[in-house]
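Let me begin by presenting the structure, written as structure tokens, before commenting on it.
Labels below follow one simple rule: chain letters A, B, ... track the order of the sequence lines, proteins then strands, and each chain is numbered from 1. When reading the values below, keep in mind they use all heavy atoms of this one structure, side chains included, and skip hydrogens, waters and symmetry mates. On a predicted model such as this, the values are computed, not experimentally measured, just so you know.
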Amino acid sequence: MAITGMQIYKLLPKTNCKDCGLPTCMAFAMQIAAKQKALSDCPHVSDEAQSELSDASAPPMKLIKIGAGDAAFQCGQETVMFRHEEKFHNGTGVAVRIPASLSDAECLAKVEAINNSVFQRVGEELKTALVAVEVDGCSDPAGRAKAVADKSKVPLILMGKEADRLKAALDAVKDQKPLVFKADAGTVDVLAEACAAAKAPLAVSAGSLDELAEVAGKAKNKGVEEIVLAFGSENVGETLRNLTVARRAALKKTFRALGYPALVDIQADTPELAVVLASSFAAKYASIVVMDVVEPWAILPILTTVQNIYTDPQVPNTVEAKLYEVGSPNENSPVMFTTNFSLTYFSVEGEVERSKIPSYICVVETEGLGVLNAYAGDKISAEKVIETLKTQGVADKVKHRKLIIPGLLPIFRAELEDDSEWKEVIIGPETASKIPAFLNEVWK
Amino acid sequence: MAVPDVKEKWSNAINAVTIGATKDEGGTRASTVTVGGQNTLPFMTFEGECPNKPVIAGYVADTVPDWPDVLKNAIGDEINSPVEWAQKCVQDFGVDLICLKLLSADPNINDASPEECAKTVKAVLEAVDVPLIIWGCDDDDKDNVVMPECSQAARGENCLLGSAKVSNYRTMVAICKADKHKVISEAPCDINLGKQVNILLQDADFDLKDVIGYQTTGALGYGLDYIYTILERARITGMQGDKLMAMPQICDIGGETWRAKEAVADDDILPGWGKLAKRGPMWEAVCAGNYLQAGADILVMAHPEAIKIMQQTITKLI
């Protein structure tokens, strides 16, 4: 939460000495609040004021890094309850559990599957972010942690309740900065000490949010900088509500004790239910979800949910303005154009695919606006369409000169026919869903 | 350490809308379905009430939709008859109500006559005793002749009729008022347009407490984020006191999901993405689950496995 000029003013010497270059301390405070000046620009400010201000100006939810170096996973530092208020910042990470019951060979096979859990979807790479190694019930927790760390391409979570085993495992892989999961009121002292020494993040859990704030506070006092709030899924509704309360407390009341990202350990009656719950928690408001299954049918829907929910709502998704080939079109295939708003493009592309008629789709640059908005905002015109068709060399691809245009832009027809070589303009449907019927009708 | 009180006070509740009519109420349904009525965000019962749980409407069409085999096979041979399909939805899949889509009326499909459509409506009403949603073929001119017949055929049953759009709301409003049905107000992916349609309905003297909102639906990975945020904003605006936005919301999860590549193409086309038989229903269920978090009240769903997962999810969330 941004701090106000008044709050900063209270920390200043209030002497109006002008050494900062401004006429008054109040003016200086306002400049700091507006991020035009730094507190260090005042030569007389006290150390206490410095530290108080840096505490007060810290983000209400801390940024947490799991793992070392470039491969680290980061989460937290969320600023809003709803994506339309600004955006969600750091996408929920999916972690996949390695149960202690797996043999060494099975364990490594699952790590391999996690390494391979990478998907290319609409131009982005989506992947399983973390491997969660269970140490409770493991005969050699340090050996298991080491073996997983050596093979894994993604950062580790060490999962267990037994402090001794967690410590042994942490000791074996502390350079990897794993997340130690999890400390409760009984184990927080010993685990917090171990994590503080290893500079590793620690997940804390408790029976209620009040107690959780207590345990998180203890971990912080022991010197743990990076904390994650851990929740279970035994009572899904309660966890969902707790995640909302914790996030509101952190973001709206700057309640520091809960100002950390949340993790939900998903345990469900069926793997299918687990997938739906993990996706729901990704939307509201878990920064990490721990899953048992690693199969693509389970992971991909969760990752796609994160991809959708964490998209910046203020920046329209766009596709590159170029000529796209759907299927394997030839010189007799239909040619149509649409805008570079990705939702528009992918709707059109999907429906053309469904029509089973290979086609060319010429994408016109409209700054990410859909057809009607682009037209209303003067981002698309017949002239621009003609120019785009020319640049993309569309006329060289086909023998015919028939051009299918969006049903919402019938007004372009005359100009296109008059001013370009596309002499037969066909007005297409107004919505993408009617493309298959339309194409099958006009392109027999 | 006591967590500060973060309860929010909402000045208004989402309208509670009842669909279906029992014998006592002039219909023939065994029970009715009520949605909406919340005065808090989805499932946030620590600060308000969610008196009615979200419901699942079984997707039924009067012609077999252009769907992949994994879905058609999961539904079974009953897919060929709207009556049997609806019965299976109720008896085997356990849906709360039926959403009958009159796709065959579409001039590009079967161009079925208003009389044929009305006959189907009557047959489905006789075959099942849950409330019914009757949805046209999305061709305005055709819907304007088909829907009046269907509305009349279902008179007294308090159905939910879809949909009233800027382009054709007059007919829908007239028939819903005359035959006492509820109406779906449709606005594609635009919250302002959503409000505008509701203003038109209000100006046409239609009671907004009889309206379910439909901001269209984006499949998972295909614009879900837009509709998710529209539903969230609509819910917040409605609870802040804007009566024009206080409608419960419907999402056509089944209708949209089974067009998405991830729910249509098997791993021969999408290598490494897993078998469609598992991936398809998950795509539908996760899409539905996400919309629940945004505030959806009625989920129209198609795959029996996805329906089952969502029934479990809803039980867990409330």
Structural part of E124(A) lying under 4.5 Å from a heavy atom of chain B:
neither
If I measure from the heavy atoms of chain A, does F46(B) come under 4.5 Å with its side chain, its backbone, both, or neither?
both
Using a heavy-atom distance cut-off of less than 4.5 Å, which residues of residues 265-272 of chain A contact chain B?
D269(A), T270(A), E272(A)
Would you mind checking which part of L240(A) comes under 4.5 Å of any heavy atom in chain B, side chain (CB onward), backbone (N, CA, C, O), both or neither?
both
Using a 4.5 Å heavy-atom cutoff, which residues in residues 310-318 of chain B come close to chain A?
M310(B), Q312(B), T313(B), K316(B), L317(B)
Quick one: do C251(B) and I298(B) satisfy side chain to side chain contact (heavy atoms under 4.5 Å, CB included)? Show the steps, please.
CA-CA 6 Å; C251(B) 289; I298(B) 306 174; over 6 Å; no
Side chain, backbone, both or neither: which part of Y345(A) has a heavy atom under 4.5 Å from chain B?
neither
Centre-to-centre under 6.0 Å for Y226(B) and Y291(B), is that the case here?
no
Is it the side chain or the backbone of I236(B) that comes within 4.5 Å of chain A heavy atoms, both, or neither?
side chain
Applying side-chain contact (heavy atoms from CB on, under 4.5 Å) to L270(B) and not counting sequence neighbours gives K261(B), A265(B), W273(B), R279(B)
Would you please indicate if the ring centroids of W67(B) and Y59(B) are separated by under 6.0 Å?
yes
Proximal to chain B - members of residues 81-89 of chain A, heavy-atom separation under 4.5 Å:
F82(A), R83(A), H84(A)
If the threshold is 4.0 Å, N to carboxylate O, is there a salt bridge linking R235(B) and E232(B)?
no
Residue part contacting chain B, namely of P301(A), when any heavy atom lies under 4.5 Å:
both
Are the side chains of Q196(B) and N192(B) in contact, using a 4.5 Å heavy-atom criterion?
no
